[in-house]
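Note sheet for the following structure.
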Amino acid sequence: MQLDGKIALVTGAGTGIGRGTAHRLAEEGAFVYVTGRNLEPLQAVAADIGERARAVRADVTDKDDLEQLANLIRDEHGGLDIVFANAGGGHPIPLAEITTEDLDRQFGVNVKGVLFTVQAMLPLLRDGSSIIINTSITADMGLADFSLYAATKAAVRSFTKSWTTDLKHRRIRVNGVSPGVVPTEAYTTELGMTDAQVQEYIDRVTPEVPAGRVGSAEDIGDAVVFLASDASNYITGVDLVVDGGMTAVYAGKA
Ligand SMILES: NC(=O)c1ccc[n+]([C@@H]2O[C@H](COP(=O)([O-])OP(=O)(O)OC[C@H]3O[C@@H](n4cnc5c(N)ncnc54)[C@H](OP(=O)(O)O)[C@@H]3O)[C@@H](O)[C@H]2O)c1
């Protein structure tokens with residue numbers, strides 16, 4: 001129970017990495033606010049977790065939603081100890097085809113959403129609390145057609161460094177967690193792959209992963225638990241790569 005009594009917020013928690021992480025945080029004793037735009041999957045996650053979770057509908061691109069969420073958390077728990085700014089996504093778009101709408105959408109959720117989530121929660125965050133931002137290994141990989149998405153993740157990785165300085169007087173630590181290949185709902189919804197294409201991709205990429213398998217949402221959740229807990233007390237401003245060793249050893253080949 002590394003997080004006993006802690007209050008946590010996970011954005012984008014109805015599916016994928018957010019859902020897996022919400023489970024891991026609750027298993028370690030935290031009470032978890034699970035948020036996203038669609039209430040139904042959030043309620044299912046909260047019901048699975050049980051008494052240590054609460055589903056709240058909140059769009060990270062909407063400052064009113066975030067303010068209401070902050071007020072609710074303050075009223076119910078008086079403060080917040082952990083923010084996992086996870087909501088996000090994106091799909092490959094060839095450079096020549098990127099539109100203003102694409103840019104606004106991907107930067108809107110992945111960058112503006114992270115910024116306004118953290119900004120709205122700042123008054124609630126207790127001294128010594130932990131902010132974790134979901135980045136991505138794609139920020140460094142130069143993957144074809146991923147320039148827009150990768151740039152959003154490079155931007156939020158930069159936040160971890162600036163905010164570490166901005167918040168040091170409150171001993172608030174700010175780190176990134178950088179997932180590798182973690183097959184989630186996003187592979188079919190955001191990336192538009194069929195189940196067969198997802199499996200083909202997993203089979204192709206697995207030999208490139210020293211850990212011998214692709215990642216799970218819980219693998220990322222374990223890293224978030226670590227970054228949220230006292231075990232990482234002396235770690236701030238880093239982007240922790242959680243990719244089974246893929247980019248450490250085989251950078252660029254996946
Ligand atoms: N899976 C991977 O391999 C991988 C690798 C590197 C990084 N990541 C990052 O990990 C994070 C989670 O991705 P995932 O793979 O778990 O995908 P996912 O299952 O699609 O999860 C994304 C979640 O974000 C929520 N969301 C989207 N827009 C939102 C908004 N405006 N406000 C609030 N919630 C919003 C979605 O729910 P609603 O639609 O209901 O709002 C969804 O539950 C993303 O930031 C992604 O970039 C994933």
Original post:
Quick one: does Leu167's side chain get under 4.5 Å of Leu122's, heavy atoms only?
Top reply: yes
Original post:
What is the distance from atom CD1 of Ile82 to atom NZ of Lys6, rounded to the nearest 0.5 Å?
Top reply: 7.0 Å
Original post:
For the side-chain contact (heavy atoms from CB on, under 4.5 Å) test, which of Ile132, Val34, Val224, Val225 pairs with Thr21?
Top reply: Val224
Original post:
If you count the non-hydrogen atoms of other residues, nucleotides and ligands that lie under 6.0 Å from CD in Glu200, is the total more than 12?
Top reply: yes
Original post:
How long is the span from the CG atom in Leu42 to the CZ atom in Arg19, to the nearest 0.5 Å?
Top reply: 10.5 Å
**OP:** Determine, step by step, whether Ile73 and Leu69 satisfy the side-chain contact (heavy atoms from CB on, under 4.5 Å) criterion, reporting the C-alpha distance in whole Å, the side-chain angles of both residues, the deciding distance to 0.1 Å, and the verdict.
**Re:** CA-CA 6 Å; Ile73 297 172; Leu69 175 63; 4.0 Å; yes
**OP:** Would you please say whether a donor-acceptor pair under 3.5 Å links the side chains of Gln68 and Asp64?
**Re:** no
Original post:
Hey, what do you get for CD (Gln106) to NE2 (His91), rounding to the nearest 0.5 Å?
Top reply: 6.0 Å
Original post:
Around atom CD of Glu67, are there more than 12 heavy atoms of other residues, nucleotides or ligands at under 6.0 Å?
Top reply: no
Original post:
Is any side-chain heavy atom of Val177 closer than 4.5 Å to a side-chain heavy atom of Phe84?
Top reply: yes
Original post:
If you take all heavy atoms of Ala231 and Phe226, which pair is closest and at what distance?
Top reply: O-CE1, 3.6 Å
Original post:
Taking everything shown except Asp203 itself, do over 12 heavy atoms lie less than 6.0 Å from its CG?
Top reply: yes
**OP:** Check whether Leu80 and Val118 end up in the same hydrophobic cluster, where Ile, Leu, Val, Met, Phe, Trp and Tyr are linked by side-chain heavy atoms less than 4.5 Å apart.
**Re:** yes
**OP:** Would you check if the side chain of Thr11 reaches a backbone N or O of Asn86 as a donor-acceptor pair within less than 3.5 Å?
**Re:** yes
**OP:** Would you mind reporting whether Glu76 and Tyr33 have side-chain heavy atoms less than 4.5 Å apart?
**Re:** yes
Original post:
Do the side chains of Val182 and Asp219 get nearer than 4.5 Å, heavy atoms only?
Top reply: no
Subject >> Side chains of Leu227 and Leu240 in contact at under 4.5 Å (non-hydrogen atoms) >> reply: yes
Original post:
Should Ile133 and Leu148 be counted in the same cluster of Ile, Leu, Val, Met, Phe, Trp and Tyr side chains packed under 4.5 Å apart?
Top reply: yes
Subject >> Steps toward side-chain contact (heavy atoms from CB on, under 4.5 Å) verdict (Val238, Thr160) >> reply: CA-CA 7 Å; Val238 308; Thr160 66; over 6 Å; no
Subject >> Any donor-acceptor N/O pair, Arg52 side chain to Ala26 backbone, under 3.5 Å >> reply: yes
Original post:
Is there side-chain contact between Ile7 and Arg126, with heavy atoms separated by less than 4.5 Å?
Top reply: yes
Original post:
Ser136 side chain to Ala139 main-chain N or O, any donor-acceptor pair under 3.5 Å?
Top reply: no
Subject >> Minimum heavy-atom distance between Ala217 and Gly20, given as atom pair plus value >> reply: CB-CA, 3.9 Å
Subject >> Shared hydrophobic cluster, Phe146 / Ile17 (ILVMFWY, side-chain heavy atoms < 4.5 Å) >> reply: no
Original post:
Is the side chain of Ser129 donor-acceptor paired with the backbone N or O of Leu125 at a distance under 3.5 Å, no angle test?
Top reply: no
**OP:** Look at the rings of Phe159 and Trp163 and say which category their plane angle falls in: under 30° parallel, 30 to 60° tilted, over 60° perpendicular.
**Re:** parallel
**OP:** Would you give the length of the straight line joining atom CG of Asp81 to atom OG of Ser229, rounded to the nearest 0.5 angstrom?
**Re:** 12.5 Å
Subject >> Closest contact, heavy atoms only, Glu208 versus Arg204 >> reply: CG-O, 4.3 Å
**OP:** For the residue pair Asp243 and Val209, establish whether any side-chain heavy-atom pair is separated by less than 4.5 Å.
**Re:** no
Subject >> Under 3.5 Å: donor-acceptor pair, side chain of Arg74, backbone of Leu124 >> reply: no
**OP:** Please step through side-chain contact (heavy atoms from CB on, under 4.5 Å) for the pair Ile131 and Met121, ending with a clear verdict.
**Re:** CA-CA 10 Å; Ile131 297 168; Met121 299 306 143; over 6 Å; no
**OP:** Scan Asn175, Thr165, Thr164 and name whichever one has a side-chain hydrogen bond (donor to acceptor under 3.5 Å, both in side chains) with Thr236.
**Re:** Thr164
Subject >> Distance-minimising heavy-atom pair for Asn110 and Gly88 >> reply: OD1-CA, 3.1 Å
**OP:** Using modelled atom types only, decide if a donor and an acceptor are shared between the side chain of Thr35 and the backbone of Val56 within a distance under 3.5 Å.
**Re:** no
**OP:** Check for a donor-acceptor pair, side chain of Asp59 on one end and backbone N or O of Thr61 on the other, with a separation under 3.5 Å.
**Re:** yes
Original post:
Can any side-chain N or O of Glu190 pair as donor or acceptor with the backbone N or O of Gly90 at less than 3.5 Å?
Top reply: yes
**OP:** Please step through side-chain contact (heavy atoms from CB on, under 4.5 Å) for the pair Arg170 and Ile172, ending with a clear verdict.
**Re:** CA-CA 5 Å; Arg170 295 175 56 189; Ile172 295 175; 3.6 Å; yes
Subject >> Ion pair check, Lys161 and Asp239, cut-off under 4.0 Å >> reply: no
Original post:
Is there a path from Val156 to Val10 through hydrophobic residues (I, L, V, M, F, W, Y) whose side chains come within less than 4.5 Å of each other?
Top reply: no
**OP:** Identify whether Val205 and Ile137 are in the same connected component of the hydrophobic contact network (ILVMFWY, side-chain heavy atoms under 4.5 Å).
**Re:** yes
**OP:** Kindly compute the distance separating OG (Ser130) from CD1 (Ile235), expressed to the nearest 0.5 Å.
**Re:** 10.0 Å
Original post:
When rounded to the nearest 0.5 angstrom, what distance separates CG in Leu72 from NE2 in His77?
Top reply: 9.5 Å
Original post:
So, for Glu28 and Gln2, which heavy atoms are closest and what is the spacing to 0.1 Å?
Top reply: OE1-N, 2.9 Å
**OP:** For Arg57 and Asp65, work out which heavy atoms get closest and say how close.
**Re:** NH2-OD2, 2.7 Å
Original post:
Is any side-chain heavy atom of Leu9 less than 4.5 Å from a side-chain heavy atom of Thr117?
Top reply: yes
